[in-house]
Undergrad: 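One structure, pasted below without further comment.
When reading the values below, keep in mind they use all heavy atoms of this one structure, side chains included, and skip hydrogens, waters and symmetry mates. None of the values given here were measured: they were computed from a predicted structure.
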Amino acid sequence: MACICFWQGLAGIDLSSEKSWSDDELSSAVEGATDDLDGYTYQLDQSGDPLYPEFEEYEDLIGNTVVQYRGDDAPKGDVYAERASYSTDADAQLTVTASGTDAAFCVHVERIRSKKDDYTPPGITGGEGGLTYPGYRLAVTSRGGAC
């Protein structure tokens, strides 16, 4: 009986550590996401939305990428990327936080037009098409503290 209680106690400690982020986990995940997204390329359709729906908003892109770089003990969610009110699609600043930590990071995302990343699908007859989707690259940096 004592062995079962001890085991359940250890399991409870382990589970509780997976329910929140630590400062170091969030710092490392934001650094990994920043490095990964710096230079990220995509195209926009005629309405200004990303051609391939990898993300709708920078909040989704940043938050999901931070989660991908979480440590083994960090939860799979509970990351929040909040866009500053003065941000635009061309120049955005987002404050990234996570549950369980008071740490915050400011992620700066700058959208840069990149003609070399334009995409022109083939035409109906197989030749060059008449429609070109403009390409963009992201310049992403981060620093400690809220934006």
Undergrad: So how far is it from D78 CG to R70 CZ, rounded to the nearest 0.5 Å?
TA: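 Going from the CG atom of D78 to the CZ atom of R70 covers 11.0 Å.
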Undergrad: Using atom types as modelled and distance alone, determine if a side-chain donor or acceptor of D36 lies under 3.5 Å from a backbone N or O of G32.
TA: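 No, D36 side chain to G32 backbone: no donor-acceptor pair under 3.5 Å.
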Undergrad: Once rounded to the nearest 0.5 Å, what's the spacing between atom CD of E110 and atom CG of D89?
TA: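 Output value for this atom pair is 13.0 Å.
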Undergrad: Among H108, E82, Q93, whose side chain to side chain contact (heavy atoms under 4.5 Å, CB included) with S87 holds?
TA: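 Testing S87 for a side chain to side chain contact (heavy atoms under 4.5 Å, CB included) against H108, E82, Q93 leaves exactly one candidate, Q93.
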Undergrad: Ignoring hydrogens and geometry, is there a side-chain-to-backbone donor-acceptor pair from R137 to T41 under 3.5 Å?
TA: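 Side chain of R137 to backbone of T41: no pair is present.
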Undergrad: Which heavy atom of T97 sits nearest to which heavy atom of A104, and what is that distance?
TA: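 Distance-wise, the nearest heavy atoms are CG2-CB, 3.9 Å.
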Undergrad: Determine the minimum heavy-atom distance between E25 and S20, stating which atoms define it.
TA: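 Closest heavy-atom pair between E25 and S20: OE1-O, 3.9 Å.
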Undergrad: So how far is it from F105 CZ to T34 OG1, rounded to the nearest 0.5 Å?
TA: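 Result: 9.5 Å between the selected atoms.
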Undergrad: Establish whether V109 and V67 are linked, either directly or via other cluster members, by ILVMFWY side-chain heavy-atom contacts under 4.5 Å.
TA: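 Yes, one cluster joins them.
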Undergrad: Look at atom CG of D102 and say whether more than 12 heavy atoms of other residues, nucleotides or ligands are closer to it than 6.0 Å.
TA: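 No.
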Undergrad: Pairs in or reaching into residues 41-147: which pass disulfide (SG to SG under 2.5 Å), with residues at least two apart or in two chains?
TA: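 Disulfide (SG to SG under 2.5 Å) check on residues 41-147 returns C106-C147.
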Undergrad: Is T88 close to D91 at the side-chain level, that is, under 4.5 Å between some pair of heavy atoms?
TA: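 Counting from C-beta outward, D91 and T88 do come under 4.5 Å.
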Undergrad: Where is the tightest heavy-atom contact between W21 and V79, given as atom of each residue plus distance?
TA: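 Closest approach of W21 to V79: CZ2-CG2, 3.3 Å.
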Undergrad: Do V140 and Y40 make a side-chain contact, defined as non-hydrogen atoms from C-beta onward lying under 4.5 Å apart?
TA: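 With C-beta onward as the side chain, the pair stays apart.
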Undergrad: Atom CG in L37, atom OG1 in T141: separation rounded to 0.5 Å?
TA: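 Between atom CG of L37 and atom OG1 of T141 there are 11.5 Å.
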Undergrad: Tell me the closest heavy-atom pair linking T120 and E128, and the distance in Å.
TA: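 So the two residues come closest at CG2-CG, 3.9 Å.
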Undergrad: At what distance, to the nearest 0.5 angstrom, does CG of D117 lie from CD1 of I112?
TA: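 Here the interatomic distance stands at 11.0 Å.
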Undergrad: On a heavy-atom basis, which atom in A81 and which in G63 lie closest, and how many Å separate them?
TA: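 Where A81 meets G63 most closely, the heavy atoms are CB-N, 4.3 Å.
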Undergrad: Quick one: pull up OG in S142 and CG in L94 and give me the separation to the nearest 0.5 Å.
TA: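 Reported value, rounded in 0.5 Å steps: 11.5 Å.
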Undergrad: Give a yes or no on whether L131 atom CG has more than 12 heavy-atom contacts from other residues, nucleotides or ligands under 6.0 Å away.
TA: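 For L131, atom CG is crowded (more than 12 foreign heavy atoms under 6.0 Å).
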Undergrad: I would like to know whether D45 and S47 meet side-chain hydrogen bond (donor to acceptor under 3.5 Å, both in side chains); could you show each step before the answer?
TA: CA-CA 5 Å; D45 64 18; S47 66; 2.7 Å; yes
Undergrad: For Y136, is the NZ or CZ atom of R113 found under 6.0 angstrom from the centre of its six-membered ring and inside 45 degrees of the ring axis?
TA: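 Cation-pi check for R113 and Y136: passes.
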Undergrad: Testing the basics here: between Y69 and A33, what is the closest heavy-atom pair and its distance to 0.1 Å?
TA: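 Nearest heavy atoms, Y69 then A33: CD1-N, 3.7 Å.
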Undergrad: Among V66, T95, V30, L61, which residue satisfies the side chain to side chain contact (heavy atoms under 4.5 Å, CB included) criterion with V107?
TA: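 So, applying the side chain to side chain contact (heavy atoms under 4.5 Å, CB included) to V107 and each of V66, T95, V30, L61, only V30 qualifies.
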Undergrad: Mind checking whether L51 and Y42 have side chains closer than 4.5 Å, heavy atoms only?
TA: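 Side chain of L51 against side chain of Y42, heavy atoms only: no contact under 4.5 Å found.
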